[in-house]
Amino acid sequence: MSNPLKIFTSLGALAAMLMLPWVITDPRYRDLIITMGIYFILASGLRLIMSVGQVSFAQAAFWGIGAYSSAILVMKAGLSFWLSLPLSGIISAFIALLIGYPCLRLKGPYFFIITMSFGEVARLVFTSWIDLFGGTNGISGIPAPDPITISGVFSISFPPRGVEFYYLLMLLIIVSFFVMYRIERSHFGKACGAIREFDDLAASLGINIMRHSIILFVVGCFFAGIAGSFYAHYMTYIGPGYFSFHESLLFLIIAVIGGTESIFGIIIGAVLLTILPEFTREAKQFESIIYGAFVLVVLLFMPSGIWGMLKKIFRIKPLSKSYI
Amino acid sequence: MAFLEIRDLAKNFGGLEAINRLSFHVSQGEILGVIGPNGAGKTTLFNLISGHLKPSRGNIIFQGEDITAEKPHAIARRGIVRTFQSSSLFDSKTVMENLLVAFHLEARSGFWDSVFPTRSVRDVNAGLDEKAIDLLDFLGLSRSRNETVKNLPHGHRRSLGIAMALAASPELLMLDEPVGGMNPREKEEMTALIGKIRQQGKTILIVEHNMRVVMSLCDRIIVLNFGNKIAEGSPAEIKNDPEVIKAYLGRKHYAD
Amino acid sequence: MRGKMRGRGICFSVAFVFLAGLMFVLFSPAQAAEPKTILIGDSNPLTGGGAYWGIGSKNALDLAMDKCNKAGGVTIKGQQYLFKIIHEDDKYKGSEAVKAINKLIFTDKVQFIVGPLGTAAVKAVQPITEAQKMVMIIDTYAGPDILRNMNYTFRAMVPPTHFAPSFFKWVKDKHPQLKTLIHIAANDATGWGATNGDNDACHALGMKVLGSEFFERGSTDFTAMVTRILSQNPDFLSMGGSPPGEAALLIKQAREMGYKGRIIHSGMLEPSQLGPIAGWENIEGIIQTGIGPEGPGVPKAMKQYFIDYEAKYGNVNSFAPYIYDMFDILVMGIKKANSLDSTKVRDAIEQMDEFDTIWGKARWGGKELYGNNHQLFRPTPVSIIKDKKLICLEMVTPQEVPPPSQEWHNRK
Ligand SMILES: Nc1ncnc2c1ncn2[C@@H]1O[C@H](COP(=O)(O)OP(=O)(O)OP(=O)(O)O)[C@@H](O)[C@H]1O
Ligand SMILES: [Mg+2]
């Protein structure tokens with residue numbers, strides 16, 4: 001832990017994060033960076049369940065559950081955003097628990113298909129339960145987070161799409177990165193990797209597959225819910241179209257392209273797949289072809305994602321040998 | 001009270017009776033051998049005991065408690081740990097990483113332990129490194145500890161499989177063909193190793209085709225054929241049992 | 001020898017470039033001031049589900065722009081300006097519209113925005129456009145809150161709330177025997193909007209709404225629905241809010257199962273999209289609000305528009321006429337403001353008196369419903385399908401204050 005290189009890198013990254021808004025002042029690029037950050041949280045949540053070899057296609061649904069929960073808690077129940085933010089995560093996590101318990105018994109394609117159906121059901125519920133979710137019209141006029149005031153000292157308010165949202169998101173990213181990184185480096189995380197590689201052997205060594213899978217799924221969905229809450233109050237408008245299976249697919253592509261082996265892979269994936277469409281924008285109707293070709297090339301030539309390839313080229317080794 | 005008792009155990013796959021109303025017991029501290037021709041149901045028996053398969057009928061009683069319906073991880077927690085016939089390991093990981101995962105039951109490996117590792121969590125888990133190194137020494141693997149497992153020679157893979165089972169601190173160790181595919185020297189080393197493990201007071205259930213190994217290690221032997229137990233007794237008794245000779249030993253290629 | 005030749009070649013070239021540069025420097029100040037460019041951003045679905053509308057919008061806007069540029073653009077405070085429209089694809093999605101609008105505003109630095117047409121897209125970008133004081137002319141059907149409290153958003157599309165009362169009044173006047181109806185629509189926001197608007201209008205006119213039916217988009221079997229309809233045997237089926245594909249199948253099945261009554265659609269149904277699926281004989285006599293180049297009701301300007309559109313693109317897009325005026329409205333606003341300042345242009349648009357569109361005379365209104373006069377009111381066509389063609393019979397004027405609303409889609 002007290003590795004000087006590690007501390008140095010962390011501080012450097014933190015400083016870069018803090019400084020970024022001074023370098024990039026264009027609201028368009030700030031918005032893209034925020035999108036990137038949201039994608040990072042969602043894809044890294046998805047990566048958790050992928051670390052036991054299960055692929056969920058419901059990540060966007062849990063994102064939506066968080067977004068709608070937060071909008072409703074603030075607008076209908078009158079809660080403060082600062083309460084609804086964690087609550088949205090908890091609601092998503094709770095629903096993930098209910099869904100995960102029966103569904104995680106299924107493996108591989110079965111789990112994949114059932115989560116895909118759940119995503120579709122969630123979208124239908126958002127669309128048809130008009131009184132609560134506003135139907136296809138969605139919910140508009142979602143208020144900004146309450147200002148944070150320490151009387152006499154300072155006050156932070158959240159103007160629409162302001163830079164304050166950026167800092168709030170960075171805070172959420174740091175928390176989720178911290179959790180994901182710790183999991184990755186720990187005995188718990190290594191046990192999950194063991195399940196993915198050979199579940200029968202893992203079980204015979206006393207590793208509880210179900211328990212690990214559920215924890216990962218629930219934690220991943222918790223962060224999806226948090227991201228949803230942030231997204232709702234940042235966008236001020238949400239509709240069922242935002243949380244469709246296209247988005248779930250995007251998070252999956254981010255994770256696979258970047259590489260699921262490490263949380264750093266997810267960073268790469270989120271950055272690339274946010275930026276790429278902005279470059280291919282000019283290509284108009286060829287956009288999806290370029291996009292598809294890119295995904296295909298990475299999948300074919302870098303089976304463990306871009307991070308996996310970088311790791312091979314630069315021989316990146318884990319920083320310490322024992323797990324926490 | 002028997003250490004492990006198998007009562008009237010049966011498993012059928014569709015119409016196939018892989019294990020047919022089998023009863024036997026294992027006493028504490030002994031090495032019990034299970035032999036029989038290919039497809040006799042030996043691995044299936046292991047899978048039933050370790051919880052990887054659910055029996056069609058019958059009971060498995062371990063230290064007086066019925067563990068028939070339990071999940072593999074729970075059975076491992078009770079102290080029944082098995083190796084796999086195909087010497088399967090976590091191939092992409094190093095020897096050390098494999099072994100550290102195998103210390104799962106001893107490690108502080110909960111979710112919260114991982115997110116907020118306290119002093120004691122760190123201490124416990126750091127201690128495992130030493131234990132793992134000791135175990136590798138014991139098995140003569142310490143030199144390859146940073147090797148990726150898929151590059152290991154066959155004999156070392158087998159040893160590592162056993163090391164991992166030992167890391168889970170078994171009361172009953174189940175070995176599925178531990179010398180399968182080994183050259184004579186490796187076989188000898190492995191036999192000696194199993195003898196050493198036994199001296200540490202572990203109870204061992206062993207499936208093996210190699211008669212020399214079985215005869216030299218086992219206190220008792222049971223013989224399976226088409227899921228049925230056709231004989232049970234000391235190595236000497238088994239060697240001379242006409243039924244066994246007819247079904248199994250008579251065939252040349254097992255004589256070695 | 002060769003080397004010498006080459007050397008001389010280089011000499012000549014340098015001299016030529018130098019001379020040309022000199023001429024340019026000498027003569028350019030003498031020319032009149034170059035016209036400057038006004039950038040307009042357009043975000044519409046160019047790919048995916050809404051591409052037909054998006055491409056129609058793009059074409060219509062380009063057509064209007066070309067006409068304006070050819071006529072010399074606009075002159076503001078003595079400076080001539082020409083227009084350039086930058087089209088971005090929002091894939092009919094809110095999140096993509098945000099990216100498109102961000103690019104248009106912050107990277108391309110457009111001065112005005114037209115589109116997007118999806119409700120989700122408009123609502124997603126409004127926090128940006130309003131904060132940037134960006135005049136945006138939209139063309140979506142969505143509810144009142146799309147204009148309420150919005151200072152820079154104008155809607156150039158007349159939603160059913162306003163035209164359904166006039167449309168059904170025409171139906172009542174011309175076909176007094178049509179007294180009972182069942183409404184059928186897709187189970188989505190557009191469908192509910194149409195159901196409420198149409199039924200409110202009919203109810204207020206003294207017609208009897210026997211029921212409201214909803215189907216999922218993509219449905220192909222309407223037998224159960226048609227059976228229910230037949231048991232009530234309404235004088236007409238009101239199908240506003242049913243997309244063409246499903247509407248065609250529904251019409252076919254209703255006719256096959258013996259429904260003899262009239263079919264009325266408060267939206268637009270292209271005969272060429274409908275006929276091959278529904279059967280040409282089954283769609284004869286459908287009354288609706290689509291517009292084409294033919295019929296006694298087509299305004300002269302609209303006729304010319306159709307000729308111009310077809311000359312340029314070689315086809316007819318039934319959505320494009322709804323968009324065409326958006327560009328002209330913007331230009332009128334800029335001219336009237338004699339400025340490019342968005343607030344001044346906004347005020348100028350708000351204060352426009354009655355003006356000409358390809359649909360006829362138009363004006364801004366809607367204060368009672370939206371709190372501001374940002375809703376366009378222009379004539380709406382009443383058309384009928386006759387001999388496989390859309391024939392516009394008459395233009396009717398939409399109502400500014402719709403009849404009381406009853407939320408029909410929540411009833412069973
Ligand atoms: N999961 C399964 N599904 C169906 N049949 C199975 C399954 N596992 C084993 N069998 C069958 O059950 C019988 C017993 O197989 P088992 O693997 O237990 O034999 P074995 O005694 O271990 O043989 P070997 O000496 O070759 O390892 C075989 O006929 C096998 O084909
Ligand atoms: Mg076997």
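Each chain gets a letter, A, B and so on, in the order its sequence line appears, and its residues count up from 1. Scope of the values below: all heavy atoms of this structure, side chains included, with no hydrogens, waters or symmetry mates. Quantities reported herein were computed from a predicted structural model and do not represent experimental measurements.
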Asks: Between Arg145(B) and Asp137(B), is there a salt bridge with N-O shorter than 4.0 Å?
Replies: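 Salt bridge: no.
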Asks: Using a 4.5 angstrom heavy-atom cutoff, name the option from Ala191(A), Ala203(A), Gly189(A), Ala202(A) with the most pairs to chain B.
Replies: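 That would be Ala203(A).
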Asks: Of the backbone (N, CA, C, O) and the side chain (C-beta and beyond), which part of Asn47(B) lies under 4.5 Å from a heavy atom of chain A, both, or neither?
Replies: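 Looking at Asn47(B), nothing touches chain A.
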Asks: Under a 4.5 Å cutoff for heavy-atom pairs, which residue among Gly51(B), Ser50(B), Ser92(B) has the most contacts with chain A?
Replies: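 Of the candidates given, the most pairs with chain A belong to Ser92(B).
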Asks: Less than 4.5 Å to any heavy atom of chain A: does that hold for the side chain of Leu128(B), its backbone, both, or neither?
Replies: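 Just its side chain gets close to chain A.
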Asks: Of the backbone (N, CA, C, O) and the side chain (C-beta and beyond), which part of Phe84(B) lies under 4.5 Å from a heavy atom of chain A, both, or neither?
Replies: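 For Phe84(B), the contact with chain A is made by the side chain alone.
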Asks: Regarding Arg105(A) and the six-membered ring of Tyr101(A), is the cationic atom NZ or CZ under 6.0 Å from the ring centre and inside 45° of its axis?
Replies: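 Yes, a cation-pi geometry.
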Asks: Only one of Phe94(A), Phe57(A), Phe217(A), Phe251(A) clears ring-ring contact (aromatic ring centres under 6.0 Å, His included) with Phe62(A); which?
Replies: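 With Phe62(A) as partner, Phe94(A), Phe57(A), Phe217(A), Phe251(A) yield a single ring-ring contact (aromatic ring centres under 6.0 Å, His included), made by Phe217(A).
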Asks: On the 0 to 90° scale, with breaks at 30° and 60°, tag the Phe90(B)-Phe198(A) ring pair as parallel, tilted or perpendicular.
Replies: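 Because their plane-to-plane angle is over 60°, the rings of Phe90(B) and Phe198(A) count as perpendicular.
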Asks: Highest number of heavy-atom pairs under 4.5 Å with chain B: which of Val179(A), Leu216(A), Asp200(A), Ile215(A)?
Replies: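 Most heavy-atom pairs within the cutoff with chain B belong to Asp200(A).
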Asks: Let's test your reading of the structure: which of Ala102(B), Ala107(B), Ala168(B), Ser88(B) forms the most heavy-atom pairs below 4.5 Å with chain A?
Replies: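 The option with the most such pairs is Ser88(B).
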Asks: Passes side-chain hydrogen bond (donor to acceptor under 3.5 Å, both in side chains), Gln85(B) versus Thr43(B)? Steps please.
Replies: CA-CA 8 Å; Gln85(B) 183 172 354; Thr43(B) 300; 2.8 Å; yes
Asks: Any side-chain heavy-atom pair from Ile197(B) and Phe138(B) closer than 4.5 angstrom?
Replies: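 SC-SC contact between Ile197(B) and Phe138(B) confirmed.
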